[in-house]
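To start, the structure itself, in structure tokens.
Just the heavy atoms: all of them, side chains too, but no hydrogens, waters or symmetry mates, feed the values below.
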Amino acid sequence: QHNLLGTQMIKPLRRKQPPKPALKLNLLQKILLLLGLIVLVLTALPAIVILIIGLLPTITVILIDSKNTSKLTMVGCFNLAGVFICLMNIFSQFSVNHAITILGNVFNIIIMLGAAALGMILYYELPNLFLLISKASAQRRLHSIDSKLEKIAEDWGRESLGETGK
């Protein structure tokens, strides 16, 4: 890069930012976190069972393709919507046996996994749908411009369009 005088500009030195230290927990914090997690699992076990089984497609996307956040968002949101439908059934009878009964119903599994599949299909097909709509719009616009040019040619003659010899 050159400045106004034509001489080469000197780039400023950039200092590397030191990496942020990882969050370190002391022993008391680790014990409290573990106790809180145990209490949460014991009090909400039926809901956690349904969440873990129902969110398997989202967990798979996290493990396989964690850098692709748009896929994770699309599949995760649809999957969570499907799981939420089945999760609402657990609150009428909050027990692990009822959670297993809900997961034993094939239609509930189809709802949870089918919602994730719908998210995956939309993730892969939405760009193609956008291209199709864009092409159709461009074709309509081209047809509209051609018809306007034809009308101008009829009113003013072909010479006004710069088409001599056609």
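Annotation for Asn89 and His98: closest pair O-NE2, 3.3 Å, computed over non-hydrogen atoms.
Rounding to the nearest 0.5 Å places CD1 of Ile59 at 6.5 Å from CD1 of Ile52. Taken from NZ in Lys148 to CD1 in Ile145, the straight-line distance is 7.5 Å, to the nearest 0.5 Å. Ile38 contributes atom CD1, which lies 4.0 Å from atom CG of Leu34 (distance to the nearest 0.5 angstrom). Atom-to-atom distance recorded for Asn105:CG and Ile102:CD1 is 9.0 Å, nearest 0.5 angstrom. Rounding to the nearest 0.5 Å places SG of Cys77 at 12.0 Å from CG of Leu118. One finds the OG1 atom of Thr58 at 12.0 Å from the CZ atom of Phe78 (value rounded to the nearest 0.5 Å).
Hydrophobic clustering, with ILVMFWY side chains joined whenever heavy atoms are under 4.5 angstrom apart, keeps Ile90 apart from Ile110. Under a hydrophobic-cluster definition in which Ile, Leu, Val, Met, Phe, Trp and Tyr are linked whenever side-chain heavy atoms come within less than 4.5 Å, directly or via other members, Leu51 and Ile111 are assigned to different clusters. By the rule that hydrophobic residues join a cluster once side-chain heavy atoms approach within less than 4.5 Å of another member, Met74 and Tyr124 end up as members of one cluster. Under the 4.5 Å side-chain heavy-atom criterion for grouping Ile, Leu, Val, Met, Phe, Trp and Tyr, Ile85 is not connected to Leu113 through any hydrophobic cluster. Following chains of ILVMFWY side-chain contacts shorter than 4.5 Å, one cannot reach Leu55 starting from Ile62, and the two form parts of different hydrophobic clusters.
Here the side chain of Ser134 pairs a donor or acceptor atom with the backbone of Phe130 at under 3.5 angstrom. With hydrogens and angles disregarded, no donor-acceptor distance shorter than 3.5 Å links the side chain of Asn108 to the backbone of Cys86. Within the 3.5 Å criterion, the main-chain N or O of Leu40 finds a donor-acceptor partner in the side chain of Thr43. Counting only distance, with no hydrogens or angles, the side chain of Asn79 and the backbone of Met112 share a donor-acceptor pair below 3.5 Å. Of the possible polar contacts, none joining the Ser137 side chain to the Ile133 backbone as a donor-acceptor pair under 3.5 Å is found.
Taking the side chain as every heavy atom from C-beta outward, Gln93 and Pro46 never approach each other to under 4.5 Å. No side-chain heavy atom of Asp65 sits less than 4.5 Å from a side-chain heavy atom of Leu72. Inter-residue side-chain proximity for Tyr123 and Asn68 is flagged as met; some heavy-atom pair is nearer than 4.5 Å.
Phe91 CZ: more than 12 foreign heavy atoms inside a 6.0 Å radius. For CZ of Phe84, the number of neighbouring non-hydrogen atoms (other residues, nucleotides, ligands) closer than 6.0 Å is 12 at most.
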| Test side chain to side chain contact (heavy atoms under 4.5 Å, CB included) applied to Gln29 and Leu32, step by step | CA-CA 5 Å; Gln29 290 172 330; Leu32 286 176; 5.8 Å; no
| task | Give the intermediate values and the outcome of side chain to side chain contact (heavy atoms under 4.5 Å, CB included) for residues Glu150 and Asp146. | result | CA-CA 6 Å; Glu150 287 295 324; Asp146 284 342; 5.6 Å; no
